[in-house]
Amino acid sequence: MTDWILDGNVIADVERATIIFTFKNNSGQPMLIEFPTSQFYDYKVYNAQGEQVYHYSNGKFFLQVLKYESLNSLEQIQWKSTWNYKTNDGVRTPAGTYTVNVNLEIWKINEKLVHSKPATSFTFNIPPENIAIR
């Protein structure tokens, strides 16, 4: 049994996907999580052929500040991010099955360095584009 659980899900509609991921303290003790920047997470989206179509942090800047989250036993934190189905080059991805790989950008847990960032992956389907909305 690990001290934490990282889980994720996607709510996909015609125009966007809401990517939801939850980090849960699965231990019997309080947990202090330390992030080295204002970036709490990162994720990449891959098509069915395994090609990367989107990288969340690409082109973004994050503050270089220490951020802390405190979790009691069995408490959790949830983050949500919205993706408009466009690649980092601005092209809309076609309908189909996609995989999201999420990493939490945790630096320390309870003042101990984290050598392997919490990660998870999950698949979802992008529905066909509704051109009537345009």
Side-chain angles (χ1 to χ4, degrees):
M1 182 167 97
T2 63
D3 288 343
W4 52 266
I5 298 171
L6 179 60
D7 194 17
N9 190 24
V10 175
I11 300 170
D13 65 28
V14 175
E15 294 295 315
R16 72 194 56 80
T18 302
I19 301 165
I20 304 165
F21 32 95
T22 306
F23 181 85
K24 182 178 180 181
N25 178 357
N26 200 37
S27 74
Q29 303 295 321
M31 182 179 284
L32 181 65
I33 304 165
E34 186 174 329
F35 297 88
T37 70
S38 63
Q39 181 182 10
F40 295 115
Y41 57 84
D42 199 4
Y43 63 88
K44 295 177 182 178
V45 181
Y46 297 88
N47 63 19
Q49 293 74 40
E51 301 163 324
Q52 181 182 308
V53 296
Y54 180 72
H55 185 181
Y56 167 76
S57 65
N58 187 35
K60 292 181 172 69
F61 296 95
F62 300 94
L63 297 174
Q64 299 297 309
V65 295
L66 295 178
K67 303 290 277 181
Y68 299 90
E69 291 288 342
S70 181
L71 294 174
N72 290 319
S73 180
L74 304 179
E75 193 174 18
Q76 63 187 25
I77 304 171
Q78 188 174 78
W79 292 276
K80 292 181 183 181
S81 180
T82 303
W83 176 47
N84 63 1
Y85 300 140
K86 292 185 179 178
T87 66
N88 289 113
D89 296 326
V91 178
R92 187 179 195 287
T93 54
T97 301
Y98 290 80
T99 300
V100 179
N101 291 345
V102 176
N103 291 307
L104 292 186
E105 297 299 319
I106 292 175
W107 185 34
K108 292 180 181 178
I109 296 177
N110 294 334
E111 299 187 18
K112 293 180 182 173
L113 285 176
V114 173
H115 297 289
S116 181
K117 294 178 184 176
T120 190
S121 63
F122 38 94
T123 60
F124 71 102
N125 290 310
I126 293 179
E129 185 175 11
N130 184 351
I131 57 172
I133 294 175
R134 307 252 178 261

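Reckoned from all heavy atoms, side chains included, excluding hydrogens, waters and symmetry mates. On a predicted model such as this, the values are computed, not experimentally measured, just so you know.
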For the atom pair [atom1] ([X]) and [atom2] ([Y]), what is the distance rounded to the nearest 0.5 Å?
X      : Y      : atom1 : atom2 : result
Ser70  : Asn110 : OG    : CG    : 9.0 Å
Lys108 : Leu32  : NZ    : CG    : 10.0 Å
Lys67  : Glu34  : NZ    : CD    : 12.0 Å
Ile77  : Tyr41  : CD1   : OH    : 12.5 Å
Ile109 : Asp3   : CD1   : CG    : 7.5 Å
Ser121 : Asn101 : OG    : CG    : 5.0 Å

Is there a side-chain contact between [X] and [Y], using heavy atoms and a 4.5 Å cut-off?
X      : Y      : value
Ile106 : Glu69  : no
Gln39  : Thr37  : yes
Phe122 : Asn9   : no
Ile19  : Phe124 : no
Tyr54  : Thr93  : no
Trp107 : Leu113 : yes
Pro127 : Tyr85  : yes
Phe21  : Val100 : no

Flag, side chain of [X] to backbone of [Y], donor-acceptor distance under 3.5 Å:
X     : Y     : value
Asn72 : Pro30 : no
Asp89 : Val91 : no
Asp7  : Thr22 : no

Lys44 to Tyr46 six-membered ring, cation-pi geometry met (6.0 Å, 45°):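 Checked: cation-pi criterion not met.
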
CA sep, side-chain torsions, deciding dist, call: Glu15, Asn84, side-chain contact (heavy atoms from CB on, under 4.5 Å): CA-CA 6 Å; Glu15 294 295 315; Asn84 63 1; over 6 Å; no

Pair Asn26-Leu74, side-chain contact (heavy atoms from CB on, under 4.5 Å): steps then yes or no: CA-CA 5 Å; Asn26 200 37; Leu74 304 179; 4.2 Å; yes

Hphob cluster co-occupancy, Val10 + Val14, side-chain heavy atoms under 4.5 angstrom: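 No, Val10 does not connect to Val14 through the hydrophobic network.
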
Connected via hydrophobic side-chain network under 4.5 Å: Trp79 and Phe62: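 Same hydrophobic cluster.
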
side-chain hydrogen bond (donor to acceptor under 3.5 Å, both in side chains), paired with Thr97, selected from Asn47, Asn125, Thr123: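 The option that passes is Asn125.
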
Heavy-atom closest contact (Arg16 atom, Thr82 atom, distance):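 Heavy-atom minimum between the residues: CD-CG2, 3.4 Å.
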
Heavy-atom closest pair, residues Met31 and Ser27: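 Met31 and Ser27 have their closest heavy atoms at CE-OG, 4.4 Å.
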
Ser81 versus Tyr56, side-chain donor and acceptor atoms under 3.5 Å: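 No, because no side-chain N or O of Tyr56 sits under 3.5 Å from a partner of the opposite role on Ser81.
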
Aromatic plane relationship, Phe40 with Phe35 - under 30° parallel, 30 to 60° tilted, over 60° perpendicular: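 Because their plane-to-plane angle is over 60°, the rings of Phe35 and Phe40 count as perpendicular.
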
Within 6.0 angstrom of Lys80 NZ, more than 12 heavy atoms from elsewhere: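 No, NZ of Lys80 has 12 or fewer neighbouring heavy atoms, counting only those of other groups under 6.0 Å.
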
Steps toward side-chain contact (heavy atoms from CB on, under 4.5 Å) verdict (Trp83, Val53): CA-CA 11 Å; Trp83 176 47; Val53 296; 4.2 Å; yes

Steps toward side-chain contact (heavy atoms from CB on, under 4.5 Å) verdict (Leu71, Trp4): CA-CA 11 Å; Leu71 294 174; Trp4 52 266; over 6 Å; no

